[in-house]
Amino acid sequence: MKELAAKYSAKEVEDKWYAYWLAHKFFHSEPNEKQPYTIVIPPPNVTGILHMGHVLNNTLNDVLIRKARMDGKNACWVPGTDHASIATENKVVAKLREQGIRKEDIGREEFLKHAWAWKEEHGGIILQQLKKLGCSCDWDRTRFTMEPALSEAVINTFVYFYRKGWIYKGVRMVNWDPEALTAVSDDEVIHKDTQSHFYHLRYYISDGNGNPTDKFLVIATTRPETIMADAAICVNPKDERHFWLKGKKVLIPLINREIPVIEDDYVEMDFGTGCLKVTPAHDVHDYEIGLRHNLPVLEIIDDHGKLNEKAQILVGEDRFVARKKIVKMLEEAGNLVKVEDYTSPVGYSERTDAVIEPKLSAQWFLKMESLAATALETVLSGRTNFIPEKYVNTYRHWMENARDWCISRQLWWGQRIPAYYLPDGSFVVEATPEAALKAAQAINPAIKAEDLKQDEDVLDTWFSSWLWPISVFDPEKPGHPEHQPNKDLAYYYPTNDLVTGPDIIFFWVARMIMAGEEFMGKEPFSNVYFTGIVRDKIGRKMSKTLGNSPNPLDLIDTYGADAVRIGMLLCSSAGNDIFYDEAQIKQGAAFCNKIWNSYRLVKGFQVADIPQTPAAKLAIEWFAAKLSETIAQVEDHYSKFRISDALMAIYKLFWDDYCSWYLEAIKPAYGQPVDPATQKATLAFFESLLKLIHPVMPFITEELWQDIAERKEGETIMYAPTPKAEAFDPAVLENFALAAEAVNGVRGVRAQRNIGPKEQLNLKVKAAAFPCIPLIEKMAGVTVELVDGLDDAQGVGFLVRTTEMFVKLEGLVNVQEELEKATKELERFKGFLQGVRAKLSNEKFTAHAPAQVIENERKKEADALSKIETLEAKIAQLKK
RNA sequence: GGGCGGUUAGCUCAGCUGGUUCAGAGCACCUGCCUUACAAGCAGGGGGUCACUGGUUCGAAUCCAGUACCGCCCACCA
């Protein structure tokens, strides 16, 4: 490095060192005799692009992995991407739509060709972006959840659980989007309060032969067009108003079909009329009531949201048209009692904005009971820790109520379910078509390959990502209990830490624990660190539609990756949402510059064979202690995953202690040289600081570390050992603190009196001895004089603890002002003393409080007395 | 509606098992400085009834109960 510029320029530095790290394969890990430290990346969507949430998450991951590497562990961070079936398929569908192509028209095979092409074109961009951020992933280990080996793992897992009897096919109500003609997940349904009507309808009691009597009940519904699908009327068994209905049958208006009156606790007595029409095919809750009471399921709405022939009336009408028409018909028939305005939450499709239609369909499920119980135990026993701990409660609640996992999706992009149907509708489950044919022929020897039809659905994306901590190392393992883990899996599993958002605690974290326990008999990671959600300054979620999410790459370009990393970490305590503000990144950039310039100073030192100044000697002794003290704190913070606290501790050590105090203390006068011992110590301190902060700021630290000494090609700060705290004498820190107070006192006087820093002053200290006097002289620009008494009123005094100090100022002093100041202070201490004495004279206090506390109070009393004495003497002096 | 968590300085947060002058940090703010490492800087400074009410205790930001508000997860009243 040549002359250092006055400002740090990240751009020139970052690409250079990342290329260097890659060229030397510093990120690559292979099993060896060292202790492993492993992280698997939360795989981002393969076609996704980097957003601020990724920046936060991956910065944290990188800090942990770099720290572990410097701690001497064999650190391995496995990167990769997720095929993200729904998100990716949506994107491909949208792109095809632009070209006027519908996926149904081109068919599965052709569609998948487009999808793969899309993946090749857009896939992995995000991994390139992570490099810009400085992430030290082992790129040779990059995985993709839909690559052949990992897809096989998924299929094997399915077969394994099917054989175990935990996978079954069942009917479930899904969120049907009648425009997109697909089921959508719960997350893709947006509930919006919608203005509608509450129709009160009269159902006549049947005489038993399908004829109406003159008795009736009234139900309230928002969906009158579904009455033809009613299977029962339900009332609460405790509702006295409806006791008379017990065992009765009623007639559905307009079509006169007879349905029973049943009783179920689900019905709220004080809502609506207390009578609920039960429509199992078109309402989730009604479906569940139907199950409990064995009601028939009659579907009258088709995939397009139109009434079908089972409705008997209004066949072919759209559900909303049908609603209007049927209301009129009901009114004419005399069944409409009244119509109320009503606002209720209605589910809309996130993508098409169509009103979601609950629809029954056949789905594949995985039984959760046993898996959840085991995975709950993993966390409750502490084999896996959650940080922050509060998520254990959330986790427990979910695991204790886990419903079977619906693993099928009506999509094409993903691992296709390995169930093969025979012509008679029965099916076999096998890992390959060949095996399936064999199995089918065992049932019916006449079966040929073309007779078998594979299930159309693919598996939920999470059904592949839950294997991630295992499959990235050994894809053969999932689904194969007898398979011995390969070398990588045996070495790297279980991984150490997982950093992820709390929003996927169930989708992903819980299920990885299940898979880990099932296939490895061991938890997949020891700690899960939950980050918060990145929000903007005013608390809104970052989103594309709001346009409040900055592009991280622009930020890196402007401020540098180190600055962006600092900016994200500064405000990120675990589990709290992050309020993103560009100001934090500017703070990070300022810190880079500060580090840069502190090095410029040291690098510029002329070294000469001169004796070390006493101030420099004291400063070195102090900073060595301070460094050790801080290292211990930083280690403690890291051990508790308090990353932002660790960063802040180093930040203050670097800026306040090293730059503002240490460097100023050892800095020679302009043009003067520095002695060799001081130069050496200073560079050593600086190197320690670089190493401490490297995990957070990888680029600038590498740049400077390479410059402070002769380095060979292939050397890197990445593998420099983390500085260790050494034993130190606490008195060193205490003495320095006293001296610093004295310096601050003098500076206060200067500020108050408008005296420039260059003007030498005389400081009288009323004491027989005081620590670090050369330091005080250097830092405060004074000559210190130890005196017995302060008889000269021409000056300004202040107290350092109980020691009185006095800056001599000829003709500049306002005695009256000094007097007022001292009197005010005296009052304060007197009040304080009173408080302490009240406590000490309280018998209950002295009887109950521990000795330590009482002693502290006595010391406070003594200190206060001493200060009062000093102040009183001073006041007497001033009054003369 | 059920569960969980929160409320401390203008902002973001720390404060572990009640007791050190415990009321803190960073940023922001105010004042004075372009003092040859750094104005992305230096020095100094102001600022909080620890949400509210009650209780336990010699002693409460800290423990307990209630109230108010906020956030998250789940279920989302036909």
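Every value quoted in this text rests on a predicted model; they were computed, and no experiment measured them. Per chain, numbering begins at 1; letters A, B, ... match sequence-line order.
If you check every strand for non-hydrogen atoms under 4.0 Å, A/C234 touches nothing. Heavy atoms of A/K7 sit under 4.0 angstrom from at least one base atom. Looking at heavy-atom distances under 4.0 Å, A/G745 makes no contact with the nucleic acid at all. Among the atoms of the strands shown, only primed sugar atoms or phosphate atoms (P, OP1, OP2) are found under 4.0 Å from some heavy atom of A/T222. Backbone-only contact: A/A751 has heavy atoms under 4.0 Å from sugar-phosphate atoms and none from a base. Note on A/V602: nothing from the nucleic acid sits closer than 4.0 angstrom, heavy atoms only. Using a 4.0 Å heavy-atom criterion, one finds that A/A583 contacts no nucleic acid atom at all.
The shortest distance between the side-chain N/O atoms of A/S644 and the OP1/OP2 oxygens of B/rC13 is not below 4.0 Å. A/N744 has a side-chain polar atom (N or O) that falls below the 4.0 Å cut-off from OP1 or OP2 of B/rG44. Residue A/W655 has no polar side-chain atom (N or O) positioned under 4.0 Å from OP1 or OP2 of B/rA40. Listed pair A/Y651 / B/rC27 meets the phosphate criterion, a side-chain N or O lying under 4.0 Å from OP1 or OP2. At least one side-chain nitrogen or oxygen of A/K594 sits closer than 4.0 Å to the OP1 or OP2 atom of B/rC42. When the side-chain nitrogen and oxygen atoms of A/K667 are compared with OP1 and OP2 of B/rA37, one or more of them lie within a distance under 4.0 Å. For the pair A/R642 and B/rG15, the criterion of a side-chain N or O lying under 4.0 Å from OP1 or OP2 is met.
The partner of B/rC50 cannot be assigned: no Watson-Crick or G-U wobble pair with both contacts below 3.5 Å exists in any strand. Under the Watson-Crick and G-U wobble criteria, each requiring two contacts below 3.5 Å, nucleotide B/rC42 is paired to B/rG32. With a 3.5 Å ceiling on both atom-pair distances, the Watson-Crick or G-U wobble partner of B/rC63 is B/rG55. When Watson-Crick and G-U wobble pairs are counted only if both distances are under 3.5 Å, B/rG71 pairs with B/rC4. The pairing partner recorded for B/rA78 is none, the criterion being a Watson-Crick or G-U wobble arrangement whose two distances lie under 3.5 angstrom. Of all nucleotides present, none satisfies the Watson-Crick or G-U wobble test against B/rA14 with each distance under 3.5 Å.
Note: CZ (A/F198) to C1' (B/rC77) measures 8 Å, nearest angstrom. When the C1' atom of B/rA37 is taken as reference, atom CG of A/L704 falls 13 Å away, rounded to whole Å. In this structure, A/L601 places its CG atom 13 Å from C1' of B/rG41, rounding to the nearest Å. Rounded to whole Å, the distance from CZ on A/F641 to P on B/rC13 is 21 Å. Taking atom CD of residue A/E400 and atom P of nucleotide B/rC74, one finds them 17 Å apart after rounding to whole Å. Spacing between atom CD of A/Q633 and atom P of B/rA14 amounts to 18 Å, rounded to whole angstrom units. When the P atom of B/rC13 is taken as reference, atom CG of A/D581 falls 12 Å away, rounded to whole Å. Taking atom CG on A/L647 and atom C1' on B/rA14, their separation rounds to 14 Å, with Å as the unit.
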| request: Would you check, one step at a time, whether the test side chain to side chain contact (heavy atoms under 4.5 Å, CB included) holds for A/I595 with A/F686? | output: CA-CA 9 Å; A/I595 293 172; A/F686 186 69; 4.3 Å; yes
| query | So A/E861 and A/K859, salt bridge (charged side-chain N to carboxylate O under 4.0 Å, His left out) or not? Walk me through it. | reply | CA-CA 5 Å; A/E861 183 188 26; A/K859 186 162 177 295; over 6 Å; no
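Nearest nucleotide to the side chain of A/S660, out of B/rA40, B/rC42, B/rC27: B/rC42. The A/S598 side chain lies nearest to B/rA37 when the options are B/rA40, B/rA37, B/rG32. Between B/rC73, B/rA25, B/rG44, one nucleotide has an atom nearer to the side chain of A/F506 than all others, and that is B/rC73. Minimum atom distance to the side chain of A/D656 is reached by B/rG26, of the listed B/rG41, B/rG26, B/rA37.
A donor-acceptor contact shorter than 3.5 Å links the side chain of A/N335 to the backbone of A/R202. One N or O on the side chain of A/D286 and one on the backbone of A/T279 form a donor-acceptor pair closer than 3.5 Å.
As rounded to the nearest Å, B/rA9 and B/rC22 have C1' atoms that lie 15 Å from one another. With C1' as the reference atom, B/rG6 and B/rG44 are 36 Å apart, rounded to whole Å. As rounded to the nearest Å, B/rU7 and B/rG15 have C1' atoms that lie 15 Å from one another. B/rU67 and B/rC11 have their P atoms separated by 27 Å, given to the nearest Å. Going from the P atom of B/rG59 to that of B/rG18 covers 16 Å, rounded to whole Å. As rounded to the nearest Å, B/rU20 and B/rC72 have C1' atoms that lie 38 Å from one another. A gap of 31 Å separates the C1' atoms of B/rA37 and B/rG24, to the nearest Å. Comparing B/rG55 with B/rA75, their C1' atoms are spaced 36 Å from each other, to the whole Å.
In this structure, A/R747 does not pair ionically with A/E664, as no charged nitrogen and carboxylate oxygen lie closer than 4.0 Å. A salt bridge links A/R292 with A/D264: at least one charged nitrogen is closer than 4.0 Å to a carboxylate oxygen.
For an aromatic pair to be called close, the ring centres must be under 6.0 Å apart, and A/H200 with A/F198 satisfies this.
Annotation for A/V634 and A/A649: closest pair CG2-CB, 3.9 Å, computed over non-hydrogen atoms. Here the closest non-hydrogen pair linking A/A780 and A/R750 is O-NH2, 2.8 Å.
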What are the atom names and distances for every N/O pair under 3.5 Å that joins the protein to nucleotides 1-5 of chain B?
from  : atom 1 : to     : atom 2 : distance (Å)
B/rC4 : O3'    : A/N393 : ND2    : 3.3

Between protein and nucleic acid, restricted to nucleotides 55-62 of chain B and to nitrogen or oxygen atoms under 3.5 Å apart, what atom pairs and distances do you find?
from   : atom 1 : to     : atom 2 : distance (Å)
B/rC58 : O2'    : A/N842 : ND2    : 3.1

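Nearest-nucleotide mapping onto RNA chain B: of A/M648 and A/D286, the residue sitting toward the 5' end is A/M648. Toward the 5′ end of RNA chain B lies the nearest nucleotide of A/K586, the other residue of the pair A/A220 and A/K586 mapping further downstream.
In the displayed structure, A/E12 atom CD is contacted under 6.0 Å by at most 12 heavy atoms of other residues, nucleotides or ligands. Applying the 6.0 Å contact sphere to CD of A/E389 captures no more than 12 heavy atoms from other residues, nucleotides or ligands.
Within 3.5 Å, a donor on the side chain of A/E664 pairs with an acceptor on the base of B/rA37, or the reverse.
Residues A/Y651 and A/Q587 bring a donor and an acceptor atom of their side chains to less than 3.5 Å of each other. Side-chain contact of A/Y529 with A/T500: a donor-acceptor pair under 3.5 Å is absent, judged by distance alone. For the residue pair A/T226 / A/K277, a side-chain donor-acceptor distance below 3.5 Å is found, with atom types taken as modelled.
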